[in-house]
Peer 1: 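Take a look at the following structure, please.
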Amino acid sequence: MNELIIYNSLSGKKEVFEPITDGFVGLYVCGPTVYNFVHLGNCRTFISFDMVFRYLQHLGYKVRYVRNITDAGHLENDAEEGEDKIAKKARLEQLEPMEIVQKYTVDFHETLAKFNNRPPSIEPTATGHILEQIDMVQKILKKGLAYEVNGSVYFDVEKYDNEALYGELSGRKIEELKAGSRELDGQDEKRSPLDFALWKNAKPGHIMKWQSPWGLGFPGWHLECSAMSTKYLGDQFDIHGGGMDLKFPHHECEIAQGHAATGVKPVRYWMHANMLTLNGKKMSKSTGNTLLPNELFSGENDVLDKAFHPIVVRFFMMQAHYRSTLDFSSEALIAAEKGFHRLMDAVSLLPDLKTGKTSSWDIDDWIKQCYQAMNDDFNTPILIAHLFDAAKFIQSVNMNQATLTEEDKSKLIEKINAFVFDVLGLKLIEESQGDELSTVMELVLELRQKARENKDWTTSDAIRDKLNEAGILVKDGAEGASWSKE
RNA sequence: GGUCUCGUGGCCGAGCGGCUAGGCAACGGUCUGCAAAACCGUGUACAGCGGUUCGAAUCCGCUCGAGACCUCCA
């Protein structure tokens, strides 16, 4: 089998993946700030990395997957007088800040569970790691790469840039950044507009604050990820993921902080998932161009024509590469939904296939191609194309137009299940209408069969058409009729 | 304005120097009482204009168009 190749945002190239410790992978992904419901764009990133997590596990790696919950509300903007996002929401909803955090953390977990995401190995919170963050600030201060002003501590970007290289991830040069940055506010404490806060002094009235060597305050924008990834994965770890929009400045600052504090660059492979768009534009909380998962599942929204099952949405996302933007539309989702059902029908059919003395298809070659697709930077769309080839073959065997040996059948079952369920994280959508409907349908189809035997086509067609109108699809197969809900 | 992506057949979406991507839709066929489903077959698509090359959707340049980042956002 060929090697796993990952596109590393740091080098801008595909690189062979070599973990620091054989057989183990440290994976860190930036989690959400829990001050609002997660929208589908947020979900896409977490679903993408869930797939990465799953595939690494499938390959046999022991993966420690750390994803933070940002529950310390960072400021709304970089200016001196920003308002804490969680505190602001708490004021608007008349709740304690930690009630806000709890409410949206629960929503986040529930939503990702619907998408069949596996929970991360560790899900640390920012407020639970204030000491680690303070510790990291002190380390950076000791190295002389940060300075304190009025109870706040700022990272000295220019000084760091002299020794290391600031901007290597985002391809930015410090001179260009300086030229492009706005005028400083008159009372800004920062020496340079590029500097960023490691620790902020809490103004009177600021709710979420902690005691520190520099007085009462709260951690800076980017610090928590560095502190927590270092604590749980070490000074240097294998993969750091996140949304494309976090590349600059968030991840750039993480590199600078981590490097400054520990002396080594924190991450070997940087992975960035691309944006989910709606009407061709990035989904974004601040612009309101969003769709919430529950609006999608219920169909209660102005954007799409109907409701969609979370697993169908997951499949839709897997049909695009994680590094490409993906646009959300009814048409595209309906197409994905139909394809999904065709694939799952074949998967369900597989265990019942008859076997013979020969196989008319090269299963081993197919398996090889599936791994090749995934090993090439997690190319799920190509994997899915191969899965459809298999679906076609399964149907052919079912119709006695192709053959399959017992041995190949078990191989096929093993790998189809591995790729469809373990790696892509799909699952069969249960027709959960309960036994009542099933009993009724059994009776109806029985009556219809009687009519058909009597060649009473008027009655049998009427039953089928009426059921169809009610959203129940009747399919006449060789072994009798079956039904499914639309 | 700066930095960087992307523009593929009716729609979605891979590919990224030569070899059928795939899904949905459409059309023809097999099957069926008729349908549906399933299966078989059918598309000479790569924004435009130049260039490099034996050969370009794929590399280079320009033009047009879309988007992301440069302020919190996955």
Peer 1: Classify the side chain of A/Ser170 and the base of B/C69 as holding, or not holding, a donor-acceptor pair under 3.5 Å.
Peer 2: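 Checked by distance alone, the answer is no.
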Peer 1: Could you check whether the side chain of A/Asp461 and the base of B/G33 have a donor-acceptor pair of N or O atoms closer than 3.5 Å, going by distance alone?
Peer 2: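 Yes, the side chain and the base share a sub-3.5 Å donor-acceptor pair.
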Peer 1: Kindly point out which of B/G13, B/C39, B/G33 is positioned nearest to the side chain of A/Gln395?
Peer 2: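 The closest nucleotide is B/C39.
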Peer 1: Choosing from B/C12, B/C69, B/C73, which nucleotide comes nearest the side chain of A/Ser286?
Peer 2: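 Output: B/C73.
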Peer 1: Could you check whether A/Asp377 and A/Tyr322, counting side-chain N and O atoms only, form a donor-acceptor pair closer than 3.5 Å?
Peer 2: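 Yes - a donor-acceptor pair under 3.5 Å links their side chains.
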Peer 1: Can you run through RNA chain B from 5' to 3' and write each base as (, ), [, ], | or . depending on how it pairs? Watson-Crick or G-U wobble, both distances under 3.5 Å.
Peer 2: (((((((..(((.....[...))).(((((.......)))))....(((((..]....))))))))))))....
Peer 1: Quick check with a 6.0 Å cut-off and a 45 degree axis cone: is A/Arg172 positioned over the face of A/Tyr166's six-membered ring?
Peer 2: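 Cation-pi check for A/Arg172 and A/Tyr166: fails.
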Peer 1: For nucleotides B/C70 and B/G9, find the distance between their P atoms and express it as a whole number of Å.
Peer 2: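 The same atom, P, in both gives a distance of 31 Å.
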Peer 1: Looking across every strand, which nucleic acid part, if any, lies under 4.0 Å from A/His250 by heavy atom: base, sugar-phosphate, or nothing?
Peer 2: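 Nothing, no heavy atom under 4.0 Å.
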Peer 1: Looking at the side chain of A/Lys338, which of B/C24, B/G33, B/A74 is the nearest nucleotide?
Peer 2: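 Looking only at side-chain atoms, A/Lys338 lies closest to B/C24.
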Peer 1: Contact class for A/Gly242 (heavy atom, under 4.0 Å): base, sugar-phosphate, or nothing?
Peer 2: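 Sugar-phosphate, no base atom in range.
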Peer 1: Tell me which nucleotide among B/C34, B/A14, B/A74 gets nearest to the side chain of A/Ile382.
Peer 2: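 Comparing B/C34, B/A14, B/A74 against the side chain of A/Ile382, the answer is B/A14.
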Peer 1: Between B/A68, B/C73, B/A21, spot the one nearest the side chain of A/Asn42, thanks.
Peer 2: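 Closest nucleotide among those given: B/C73.
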Peer 1: In this structure, how many angstroms lie between the P atom of B/A36 and the CD1 atom of A/Ile472, rounded?
Peer 2: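 One finds 19 Å between P of B/A36 and CD1 of A/Ile472, rounded.
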Peer 1: Is A/Arg464 side chain donor-acceptor paired with the B/A35 base, going by distance under 3.5 Å alone?
Peer 2: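 It does, because a donor-acceptor pair links the side chain of A/Arg464 to the base of B/A35 below 3.5 Å.
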Peer 1: Start at the 5' end of RNA chain B and walk down; is the nucleotide closest to A/Phe46 or to A/Tyr322 reached first?
Peer 2: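 Final value for this comparison: A/Tyr322.
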Peer 1: Would you tell me if any nitrogen or oxygen in the side chain of A/Lys281 comes within less than 4.0 Å of OP1 or OP2 on B/G67?
Peer 2: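 Yes.
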Peer 1: Consider only side-chain N and O atoms of A/Thr70 and A/Glu224, and report whether a donor and an acceptor are under 3.5 Å apart.
Peer 2: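 The answer is yes; a qualifying pair exists.
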